[in-house]
Structure formats: C-alpha cells, structure tokens
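Note that the numbering runs from 1 along the sequence shown for the chain. Everything quoted here is computed from the prediction, not taken from an experiment.
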Amino acid sequence: QVQVVESGGGLVQAGGSLRLSCAASGGTFRRSAMGWFRQAPGKEREFVASKFWSGGNIYYADSVKGRFTMSGDSAKNTVYLQMNSLKPEDTAVYYCAVFKTGAAWTSHYATSPSGYDYWGQGTQVTVSS
C-alpha cells in the first residue's frame, strides 16, 4: 500500500510564501509522476502542478504559473511545491497525489484527478488579505 504524506501548510499574508512537501512510500514499484491539487470550500478539487520523473516534464495550472514551482527527488518519491506571491484565492486544502501505474502521461491525465490513485490527507493553506 502506498502512503502519501503532505506537510508545510499554514497561514500567510497575501504576497508571502510557503513551501509544501510530500513524501510517498510503500508499494513495490516506483511511480512515474506525482501531482499537487487543491480544493477550496464549496469548490471542486482542481489541478495545481504535476511532474513526470523521466525527462522532468512539469505541468502548471494557468492560475499558478510564474508563482508556484514544483520540484522533487524521484529516488525518494518526494516532491515540493514552492508557492510565492500568494493570493487570498490560493486558500485551499492542498493534496499531493501519485500518478497511476500504466496511465499515459498526457496533458489530460497529468492534470486530472482521474490520473492519480493515491492521495495524501491534505494540508491547509490560508492566505489572508
């Protein structure tokens, strides 16, 4: 069983920064990619960023491009999300997820919750105005 654990959320003022961390463990194989999603109260879960280990291809949601940076260590199945210039609309629970084994790395599956099968419990990010 794969376990996913996020950390690093908190309360920050608009314009500030936070760094989220996520570690995946367990299972007998290494997954090809990991992703970050977020969910604000009353809204659907939305894509934030995802990273394919081989070749380093990274997708970002338009709403976070230029402000958020995803990085990671494939050997440790660990990813990070550096969030700068935070805005109140970034307030949400942030989830880390592991890409499904055998799923095609396409823009659709890389940016959709349907492309991921293991999820963390989420970490709250609150940005005050």
Side-chain angles (χ1 to χ4, degrees):
Q1 186 75 6
V2 176
Q3 294 181 323
V4 183
V5 179
E6 309 99 335
S7 62
L11 173 64
V12 65
Q13 289 188 333
S17 298
L18 280 175
R19 187 187 193 221
L20 305 183
S21 300
C22 171
S25 60
T28 60
F29 44 79
R30 196 176 79 185
R31 297 302 184 99
S32 62
M34 294 178 69
W36 288 99
F37 292 78
R38 67 186 182 186
Q39 188 166 18
K43 294 188 177 181
E44 292 186 354
R45 189 167 299 189
E46 66 173 4
F47 168 75
V48 175
S50 58
K51 180 177 176 65
F52 189 67
W53 293 124
S54 179
N57 179 226
I58 300 177
Y59 287 100
Y60 291 102
D62 288 343
S63 59
V64 307
K65 280 181 182 176
R67 301 187 299 121
F68 290 12
T69 302
M70 183 173 180
S71 61
D73 184 337
S74 61
K76 298 179 180 179
N77 281 322
T78 300
V79 291
Y80 308 96
L81 186 67
Q82 178 65 43
M83 305 184 295
N84 298 329
S85 301
L86 283 161
K87 305 175 181 180
E89 50 264 43
D90 293 318
T91 296
V93 176
Y94 282 70
Y95 297 91
C96 178
V98 179
F99 198 64
K100 287 180 180 178
T101 298
W105 181 252
T106 63
S107 59
H108 171 73
Y109 286 110
T111 62
S112 168
S114 65
Y116 300 80
D117 55 359
Y118 289 100
W119 294 80
Q121 79 289 350
T123 185
Q124 177 70 48
V125 171
T126 302
V127 184
S128 63
S129 58

Which pair of non-hydrogen atoms, one from V4 and one from Q121, has the smallest distance, and what is that distance? O-OE1, 3.7 Å

To check you understand the geometry: which heavy-atom pair defines the closest contact between G8 and L18, and what is its length? O-CD2, 4.0 Å

Determine yes or no for a side-chain-to-main-chain donor-acceptor pair under 3.5 angstrom, with T91 supplying the side chain and V127 the backbone. yes

Where is the tightest heavy-atom contact between V64 and V48, given as atom of each residue plus distance? CG2-O, 3.6 Å

If you take all heavy atoms of G9 and V125, which pair is closest and at what distance? CA-CG2, 4.1 Å

Disulfide (SG to SG under 2.5 Å): which pairs involve residues 60-93, sequence neighbours left out? none

Please check if the number of heavy atoms outside E89 that lie under 6.0 Å from its CD is greater than 12. yes

Is there a side-chain contact between L20 and E6, using heavy atoms and a 4.5 Å cut-off? no

Is Y109 isolated, or which residues cluster with it under the ILVMFWY side-chain rule of less than 4.5 Å, directly or via members? F37, F47, F52, Y59, V93, Y95, F99, W105, Y116, W119

Minimum heavy-atom distance T78-M34, with the two atoms named: N-SD, 4.5 Å

Supply the atom-to-atom distance N57 CG to S50 OG, rounded to the nearest 0.5 angstrom. 7.5 Å

Contacts satisfying salt bridge (Lys or Arg N to Asp or Glu O under 4.0 Å) that involve residues 42-60 (not counting sequence neighbours) are R38-E46

Show every salt bridge (Lys or Arg N to Asp or Glu O under 4.0 Å) that has at least one partner inside residues 99-126, sequence neighbours left out. R31-D117

Less than 4.5 Å apart, side chain to side chain, heavy atoms only: is that true for T69 and Y60? yes

Tracing side-chain links under 4.5 Å among I, L, V, M, F, W and Y, which residues wind up in one group with L11? none

Is Q39 reaching over with its side chain to a backbone N or O of A92, donor-acceptor style, under 3.5 angstrom? no

Sorted by chain and number, sequence neighbours left out, side chain to side chain contact (heavy atoms under 4.5 Å, CB included) with S17 holds for Q82, N84

Rounded to the nearest 0.5 Å, how far apart are OH of Y80 and OG of S7? 9.0 Å

Test: D90 and K87 ion pair at under 4.0 Å: no

